[in-house]
**Student:** 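Okay, handing you the structure first.
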Amino acid sequence: MKTLQAVRGMHDILPDDSAAWQWLESILKTQFEAYGYEEIRTPLVEQTELFTKAMGQSTDVIEKEMYALQARGDAHLSLRPEGTAGVVRAVLQHGLLNPPGLKAWYCGPMFRYERPQKGRQRQFYQAGLEAFGIEGPSIDAELIALISRIWRALGIDRHVVLEINSLGDRADRAQYRETLLDYLTPLRDQLDEDSQRRLDLNPLRIFDSKNATTQAIMLDAPKLSDALGPSARTHFEQLCGCLDALDINYTINPGLVRGLDYYGRTVFEWKTEQLGAQGTICAGGRYDELIEMQGGRATPGIGLAMGMERLLELIRDQQQGGFKTSPDAYLVSALAAEHTLAIAERLRTDGPALRLIADLQGGSFKAQFKRADRSAARWALVLGDDELEQGTITVKDLRGNAEQLTLNLNQAAEWLEQNRPG
RNA sequence: GUGGGCGUAGCUCAGGGGUAGAGCACUGGAUUGUGGCUCCAGCGGUCGUGGGUUCAAAUCCCAUCGUCCACCCCA
């Protein structure tokens, strides 16, 4: 019989990997909540219109990468390609912006129909933060400080750099767009093919081009930073001041733009050299107009998202394994199943914190001990006719040279708990 | 969507028209109540899938699926 495979670009997280995931998730959750963010979980499926309105019709994510569903009835549904739109929808639907301050975090799978490559899959996990209702740059700085703290907790701060920029307000961008077009249109023929296409769609993105000639042209292009209005400029300068005061390293990248249309003012991105072409591990920015666009009362917002798989790949390079937790004890038994199970349950009741595996595969002691060893358990607990008769259990140290000892069953769980490693 | 590399045992890979291989892992034994080290034996693959060429295809050709890398895009 032919066995089926997972669909393209969607990967299983196997037991050997899940310990690292849990470790990462627990660090993120701890830090998010330490800063007052609360978890929000929204559906994987939303009305397609939510994403097209929020993210911009002409962005690639909308144009080419959405997973549209063939749903019953005439509803147009899509798998979510990012987290912010759904969070904003939920927040408005449930009136959570009244009063208008809210800090939320999320973590879950996102879907984009792209060609898979290193650091890019069709189903991937993002963890993200959204903070609503704070207009000043202090929240921008706090968010950046929080993420910097996370990099330190994960042990990857040496391998990531922070870039920031300001996209200005909507009017600034519209005006700058014209200025940029005036500069680029006469040079159109010298741009690479992709950038010529972007000239019509989203000229700001031409700054992202990897083509050498295009880059040279963009070097002399008018700068967005010169087009900022006084209000956006002050916001950005204050943010830089906060970051300096917090001793956070950053570089201002005037070419840093976002792929989603809802961003304005502050944008930022952490990159690494270690992951090949997909080097961005966390990115975000302000979306002060998004809530109003979605039909809510005008409320400033800022958010970011990080790619979990990319983070894990970075972490894997730093720490070799070490995430797995091993069981405390592995029960080896020659007794009938009802006795084995009864004694295992007894130990679990007496020692609620114990991690105990009972060997239910059976077979010779040799085979059971082999599995006990493979389980990485600290102790093997041995049950045979002698132990059953005397109401005892034999404890063998699998990770050291301690003498094998016999414990009364009444005290066994307590002894094991007290002698747990770590 | 474009270009290139790769799919052979659970894993890592060798083999490139003529009987399907190695190491590790796994199972059993040496050791009938004791794992790890050693030794011995064994299990395990319609060579990704479907077509084609050939007396003969894992091997050559075509298609397709998957995977990896880059472009693009982005977390």
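Chain letters run A, B, ... following the sequence lines, proteins first, then strands; residues in each count from 1.
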**Student:** Before giving the answer on side chain to side chain contact (heavy atoms under 4.5 Å, CB included), spell out for A:T251 and A:I164 the whole-Å C-alpha distance, their side-chain angles and the decisive distance to 0.1 Å.
**Tutor:** CA-CA 6 Å; A:T251 54; A:I164 63 173; over 6 Å; no
**Student:** Find the partner of B:A41: check Watson-Crick (N1-N3 plus N6-O4 or O6-N4) and G-U wobble (N1-O2, O6-N3) distances, both under 3.5 Å, and reply none if neither fits.
**Tutor:** B:U27
**Student:** What integer distance in Å separates A:M308:CE from B:A75:C1'?
**Tutor:** 11 Å
**Student:** If I take atom CE in residue A:M55 and atom C1' in nucleotide B:A75, what distance separates them, rounded to the nearest angstrom?
**Tutor:** 11 Å
**Student:** Across the strands shown, which category fits A:I281 at heavy-atom distances under 4.0 angstrom: base, sugar-phosphate, nothing?
**Tutor:** sugar-phosphate
**Student:** Tell me what A:A283 touches on the nucleic acid: a base, only sugar-phosphate, or nothing, going by heavy atoms under 4.0 Å.
**Tutor:** sugar-phosphate
**Student:** Give the rounded distance in Å between these two atoms: CD1 of A:I393 and C1' of B:U34.
**Tutor:** 14 Å
**Student:** Would you call A:E163 and A:K271 a salt bridge, taking side-chain N to carboxylate O under 4.0 Å as the test?
**Tutor:** yes
**Student:** Can you tell me how far P in B:U31 sits from the matching atom in B:A25, rounded to whole Å?
**Tutor:** 22 Å
**Student:** Does any donor-acceptor pair link the side chain of A:R112 with the base of B:C73 at a separation under 3.5 Å?
**Tutor:** no
**Student:** Using purine N1 to pyrimidine N3 plus N6-O4 or O6-N4 for Watson-Crick, or N1-O2 and O6-N3 for G-U wobble, each under 3.5 Å, what pairs with B:U12?
**Tutor:** B:A22
**Student:** Using a heavy-atom cut-off of under 4.0 Å over every strand shown, decide if A:F124 touches base, sugar-phosphate, or nothing.
**Tutor:** base
**Student:** In whole angstrom, what separates A:L331's CG from B:G33's C1'?
**Tutor:** 14 Å
**Student:** Counting only side-chain nitrogens and oxygens, does A:R198 get under 4.0 Å of the OP1 or OP2 atom of B:C73?
**Tutor:** yes
**Student:** Could you tell me which nucleotide pairs with B:A70 by Watson-Crick or G-U wobble geometry, both distances under 3.5 Å, or answer none if nothing does?
**Tutor:** B:U2
**Student:** Roughly how many Å apart are B:G18 and B:C11, using the P atom of each and rounding to a whole number?
**Tutor:** 26 Å
**Student:** Considering every strand shown, what is the Watson-Crick or G-U wobble mate of B:U54 when both distances are under 3.5 Å?
**Tutor:** none
**Student:** Answer with yes or no whether A:Q404 presents, from its side chain, a donor or acceptor under 3.5 Å of a partner atom in the base of B:U34.
**Tutor:** yes
**Student:** Quick one: look up who B:G35 pairs with, Watson-Crick or G-U, both distances under 3.5 Å, and put none if it's unpaired.
**Tutor:** none
**Student:** Separation of A:R310 atom CZ from B:A75 atom P, in whole Å?
**Tutor:** 8 Å
**Student:** Roughly, in whole Å, what's the span from CZ in A:R197 to P in B:G1?
**Tutor:** 14 Å
**Student:** Quick check for you: among B:C69, B:C73, B:G36, whose closest atom lies nearest to any side-chain atom of A:D373?
**Tutor:** B:G36
**Student:** Hey, does A:G9 reach any base, or is it just sugar-phosphate, or nothing, if we go heavy atoms under 4.0 Å?
**Tutor:** sugar-phosphate
**Student:** Nearest 0.5 Å, what's the CG-CG distance between A:L304 and A:L146?
**Tutor:** 7.5 Å
**Student:** Please determine, for the side chain of A:T280, which listed nucleotide (B:U27, B:G33, B:C74) has the closest atom?
**Tutor:** B:C74
**Student:** Check this for me: A:R399, atom CZ, are more than 12 non-hydrogen atoms of other residues, nucleotides or ligands nearer than 6.0 Å?
**Tutor:** yes
**Student:** Starting at the 5' end of RNA chain B, which residue's closest nucleotide do you reach first, A:P116 or A:D386?
**Tutor:** A:D386
**Student:** Side chain of A:E387, base of B:G33: donor and acceptor closer than 3.5 Å?
**Tutor:** yes
**Student:** Distance between the P atoms of B:A58 and B:U46, in whole angstroms?
**Tutor:** 13 Å
**Student:** Centroid separation under 6.0 Å, is that true for the rings of A:W105 and A:F32?
**Tutor:** yes
**Student:** Can you check the distance between B:G48 and B:U38, where both ends of the measurement are the C1' atom (answer in whole Å)?
**Tutor:** 39 Å
**Student:** C1' atom, B:A57 versus B:G15: distance in rounded Å?
**Tutor:** 14 Å
**Student:** Looking at A:K210, I'd like to know whether one of its side-chain N or O atoms comes within less than 4.0 Å of OP1 or OP2 on B:C71.
**Tutor:** yes
**Student:** Just by distance, no angles: are the side chains of A:E387 and A:T394 close enough, under 3.5 Å, to form a donor-acceptor pair?
**Tutor:** yes
**Student:** May I ask you to say what A:A305 touches in the nucleic acid, namely base, sugar-phosphate or nothing, with a heavy-atom cut-off under 4.0 Å?
**Tutor:** sugar-phosphate
**Student:** Among the candidates B:A75, B:G29, B:G28, find the nucleotide nearest to the side-chain atoms of A:K366.
**Tutor:** B:G29
**Student:** Which is true for A:G284 with a 4.0 Å heavy-atom rule: it touches a base, it touches only sugar-phosphate, or it touches nothing?
**Tutor:** nothing
**Student:** It should be established whether A:R374 places a side-chain nitrogen or oxygen under 4.0 Å from OP1 or OP2 of nucleotide B:C26.
**Tutor:** yes
**Student:** Can you tell me how far P in B:G33 sits from the matching atom in B:A41, rounded to whole Å?
**Tutor:** 26 Å
**Student:** Counting distance alone, no hydrogens or angles: does the base of B:C72 have a donor or acceptor under 3.5 Å from a partner atom on the side chain of A:Q117?
**Tutor:** yes
**Student:** In the strands shown, is B:U64 matched to any nucleotide by a Watson-Crick or G-U wobble pair with both distances under 3.5 Å, and which?
**Tutor:** B:G48
**Student:** Between A:D385 and A:D192, who's closer to the 5' end of RNA chain B by nearest nucleotide?
**Tutor:** A:D385
**Student:** For the side chain of A:F365, counting heavy atoms from C-beta on, which of B:C72, B:C71, B:U34 is nearest?
**Tutor:** B:U34
**Student:** Give me the distance, rounded to whole Å, that separates B:G66 from B:C47 when you measure between the C1' atoms they each carry.
**Tutor:** 16 Å
**Student:** Is the distance between the ring centroids of A:W21 and A:Y125 under 6.0 Å?
**Tutor:** yes
**Student:** To the nearest 0.5 Å, how far apart are CD in A:Q368 and NZ in A:K370?
**Tutor:** 13.5 Å
**Student:** When you check the side-chain N and O atoms of A:D373 and A:Y330, is any donor under 3.5 Å from an acceptor?
**Tutor:** no
**Student:** So, under a plain 3.5 Å distance rule, would you say the side chain of A:R205 forms a donor-acceptor pair with the base of B:C74?
**Tutor:** no
**Student:** Rounding to a whole Å, what distance do you find between A:E313:CD and B:C69:C1'?
**Tutor:** 12 Å
**Student:** Rounded to whole angstroms, how far apart are CZ on A:F369 and C1' on B:C37?
**Tutor:** 17 Å
**Student:** Of the options B:C71, B:A75, B:G35, whose atoms approach the side-chain atoms of A:R115 most closely?
**Tutor:** B:C71
**Student:** Is there, by distance only and without an angle test, a donor paired with an acceptor across the side chain of A:K396 and the base of B:G35 below 3.5 Å?
**Tutor:** yes
**Student:** Roughly how far apart, to the nearest Å, are B:C6 and B:U12 at atom C1'?
**Tutor:** 14 Å
